[in-house]
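Each remark here refers to the structure printed beneath this line.
Just so we're on the same page: letters track the sequence lines, and every chain starts at 1.
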Amino acid sequence: MKSSTRLLGVLGIVVVAMLCAAGCGEKPAEPVMVPGVEPPTGPPYVIGAMFAITGDASSLGMPERDTAEMLEKMINEAGGINGRPLEIVIEDTKGEPAETLKAAKRLVEGSDVLAIVGPSRTGTTMAVIEYMEKVEVPLVSCAAGVPIVEPVKKWIFKTPQTDRMAIEKIIEYLKEKKITRIASLSDNTGFGKSGRREIAALMPAAGLKVVTLEEYGPKDTTMEIQLTKIKGTKAQAVVCWGTPPGPAIVAKNMRQLGVSIPLICSHGVANETFLKIAGEAANGAVLPAGRLIVVDQISPDDPQLSLLEDYAERYRAHTGKSPDTFGGHAWDAVELVVKALEEVGEDRAQIRDMIEKTTGFVGTGGVFNYSAEDHNGLTKDAFVMVEIVDGKWKLAK
Amino acid sequence: MRVRSKRYHQLAAAAAAAAVLPLVLPSEYAIHLAVVIGINAIVALGLNLLMGYAGQVSLGQAAFVGIGAYASAILSVKAGLSPWIGLAAGAALGGLTAAVVGGPLLKLRGHYLAMGTLGFGMIVQIVMVQWEDLTEGTIGVMGIPPFSVAGLALDSELRMYYLVAASAVLAIALAGNVIDSRVGRAMRAVHGSEVAAATSGVDTARYKLQVFIMSGAMAGFAGSLHAHHAAYVHPDSFGFHYSIQLVVMVVLGGMASIWGAVFGAGAVTLIGEQLRSFQEFSTIIFGAVLVAVMVFMPAGLWRGSADLIGRLLGSRGAGGRRRA
Amino acid sequence: MPACGGRTLYAMTLPTGAQLLQYLISGLTLGSVYGMIALGFTLIHNATGIVNFAQGEFVAFGALIALSCSEAGLPMPLAVLTAMAAMTLLGAALERAAIRPARGASVITLIIITIGASILLRGIAMWQWGPDALPMRHFSSEDPIHLGPASILRQHLWIMGIVVATMLGLWLLAERTQVGKAMRACAVDREAAQLVGIPAARMVMLSFALSGMLGGLAGSIVAPLSMGQYNMGIMLGLKGFCAAILGGIGNAPGAVLGGLLLGILESLGAGLCSGMKDAVAFGIMLMVLLVRPTGLLGRRAGRGEAVG
């Protein structure tokens, strides 16, 4: 009895110590030395960022994290914000709702951040909305889902275009091509499900017939069955909603099964990975995308041109990888907060107001016009239709 | 009787420690973690009864937590009922589901039972995703209200902490009572040798089912606490990954030990916290730590550290004695 | 219960004959892969009585190594052999580093060790290969072969052929070689095998090495279809485990049979209602288990009865 009671005591102390250690967030200081520019001085402006760095959505979270780190370095090298350094505290959400809430609490309570950028997914964003509203810290999400900003929540903003805009853009395209019957094929993650919902709601309303709504799992090895079913319908196009590798497998399976109707994908495939893994099968696929991937083709007087070139070049230099749409969402979100910080300084409420008043802000995802009624700030014109030709992105006319 | 009084001493000490714990914790966040640990501990206690005492593995325990969480979320958000009704419904539905699926599932043995429970868990999660009319699918249920006691909303971490801590202490007491009871003795017999237990007149099937129902109810109860604590439920929180995590908690802490389950819940959460700053390397380190602990302390952290501490403290005294 | 299609109701459609043929082809291919993974589970189970939760990661590593080798310009057979060799070593190393030191621990403790190993391996895979999916060339041309209204890829034929060859190889190993007989003896009764001079510890290591090799092969043959990604092993491992159980754990022909059955169930489930396909597959698996509690070809009483 004695030894086990003693053990209880010792282990109890260990747990309390670990809880204490976990409760006190450490703040790594990062002095940046760059010749030529006056280095920023004084206490840093601290903002938080939380992305799905590990877990199933890490292909979103990693480029977002890299972009945020790159921006922090870039801004500090250029003299900081109003002469003060910027510090971005980054947390991992693991792509999981409860972990995201923990990350948000750490950022707000441990690091006392002025605003938070992220998270990467719709579900994880929904998980922290209640908390962010309660503690009154602005959040700029990098997730696509419509429910994040509809209805409008006072402290919640987002930068990526919604799937609703993407589907509006696709409807426009379908009408132009005189396609009236489509088959929907989506993955069963939050992203695919949200797309599916919007397809089922918007397309019939626009006079298009959705002949079937099929689903697949994001880790499935084949979509032959779903496509065989679609082949048996009178669909004139397949609208596929998911992130790689799913849509790449769909493209390949369509070749194999001789499903020769057009493949229309979501903006979730607007990255190099898709081109690389789908290979030849991707040719002919059409998708709505931000202008980032066709930066070499957009008109020279496009307001986004110089920014997109700048981002692409910096991202390549920083990571050695191709610029990434998801990273772009993080760029927009951080820049949005930084712009507000420049104007109003260290005040959460004023930062929020400032973000809401932001208009004409040129980001990677489009030109943002926020308002009290619109916490996303974009319209379907943030998208262009892109076709894949010979393994390259081509602006569709 | 000695065993029982020792249990009460430990329980009283734990309750006292839990009562003063928030006073020494440095931040709201640390209290939040304590709440999370408490909720996981309740699930782990139930699972430990099933695994450690009745010898039946479940790889689908997250499903019961999810059922409790969704029951509570849907009743309080969509039907506007009191969270307390949600809590009762969560526990009841967890237990009821366990009763319904337990009948056929518990006929399976060993790895077959593991797969059976795993399959059950997968199906429940798929239903959470697909039954959008009821569960809101992958959008999740938002705005789940906090509990309130006599008009006082348990909307701060501290207030929620006391509810969870009290529940966890109760769960520990309950588990202790079960182990000391007739059911407990029968369970240990089932674990030792099901055939021998059955031939000596123990109704093994009934006892296994009782424990399964109890673990399901405890998981459902904890799920409801989770829903009102996080104010949000999403199918991703109740998948295979969480089921595995729960089994890890039980085994890492130490099977067939009440304190082991509680410690396992704490250890998994806190190790995760310590590794956060490693970002993408955190999974590598967590995996390595898990392997190392199980290799060096195969009976779990609880007994393992008891041995270790015993050896450290005892070696001086014992050494002296040996020389004498 | 959710109607097929959630809020927007779409009637479940019955397949036509031509569609059914295609479902069968897909199901058999998928099932062959599951069967191959299930064989890996079987080998380790027979030697140790545990379920190796890192089996899925063996598959993922096999896929990633094979596609990297192929990308680096190695001819396909060499790339696959490299992946198999690397995974053989990794399997043996895992046994030596984590399983053998815990000898004597309970079955459940060993299982948790394999869970830890799977988390560790997944982390390493993400660190080495990044979070994005990677492509792999097919073994031969990607042009489909048409079978009436259905079509089949050469890769599908490769997969089915390799699984058949593997089964044959394992059968020869078990029946015709000294080592195979020793492994079988250990599977039946470890203590007795040791008494007659069979080095049981070495047999355990051998089973991990062989499982690694099978995982490497399974990853290599499926990657051209599924692409390779650091976390691909979770779902494949689960399905493989499911197949092994369905067939009766410890039984090699049962593992392949279970795999094929699971593949076809999943395929037909998707044909019926694609959103619920995994629920259909798992549901039918549960029903099979309720009728035959030790799987299709399982022994009367499975090993590892209690977890403790």
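- Taking OG of B:Ser156 as the start and NZ of A:Lys134 as the end, the distance is 7.0 Å to the nearest 0.5 Å.
- In this structure, A:Thr124 OG1 and B:Asp236 CG are separated by 9.0 Å, a value rounded to the nearest 0.5 Å.
- Heavy-atom distances place the side chain of A:Ile129, and not its backbone, under 4.5 Å from chain B.
- Checked by atom type and distance alone, the side chain of B:Tyr232 pairs as donor or acceptor with a backbone atom of A:Gly123 at under 3.5 Å.
- Proximity to chain A (any heavy atom under 4.5 Å) is shown, for B:His241, by neither the backbone nor the side chain.
- Applying the ring pair (Phe, Tyr, Trp, His ring centres under 6.0 Å) rule to A:Tyr315 yields the partners A:Tyr311; only residues at least two apart in sequence or on another chain are considered.
- When all heavy atoms of A:Glu130 and B:Ala231 are compared, the closest pair comes out as CG-CB, 4.0 Å.
- Heavy atoms from other residues, nucleotides or ligands lying under 6.0 Å from CZ of B:Phe240 number more than 12.
- In this structure, chain A has no heavy atom under 4.5 Å from any part of B:Ala17.
- Counting heavy-atom pairs under 4.5 Å between each of A:Asp56, A:Asp92, A:Val128 and chain B puts A:Asp92 at the top.
- Looking only at side-chain heavy atoms (C-beta outward), B:His32 and A:Glu109 stay at 4.5 Å or farther from each other.
- The closest side-chain donor-acceptor pair between B:Gln279 and A:Thr54, if any, does not fall under 3.5 angstrom.
- In terms of non-hydrogen atom pairs under 4.5 Å with chain A, the most contact-rich of B:Thr138, B:Thr283, B:Ile144 is B:Thr138.
- For A:Glu133, no part lies near chain B; criterion is any non-hydrogen pair under 4.5 Å.
- Heavy atoms only, all atoms of each residue included: B:Ser237 and A:Ala98 are closest at OG-N, 4.4 Å.
- For the pair B:Glu132/A:Arg197, a side-chain contact is recorded, criterion being any heavy-atom separation below 4.5 Å from C-beta on.
- In this structure, the separation between OG on B:Ser277 and CZ on A:Arg106 is 7.5 Å, given to the nearest 0.5 Å.
- The minimum heavy-atom distance linking A:Pro147 with B:Ile139 is given by the pair CG-CD1, 3.9 Å.
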What verdict does the side-chain contact (heavy atoms from CB on, under 4.5 Å) test give for B:Arg276 and A:Lys102, after you've listed the backbone C-alpha separation in whole Å, the side-chain angles of each residue and the deciding distance to 0.1 Å?
CA-CA 11 Å; B:Arg276 262 178 180 281; A:Lys102 275 199 213 160; 3.3 Å; yes
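- Listed options B:His226, B:Glu157, B:His229 were ranked by heavy-atom pairs under 4.5 angstrom with chain A; first place goes to B:Glu157.
- Contact annotation for A:Thr125: neither backbone nor side-chain heavy atoms come within less than 4.5 Å of a heavy atom of chain B.
- With values rounded to the nearest 0.5 angstrom, B:Glu136 atom CD is found 9.0 Å from A:Met126 atom CE.
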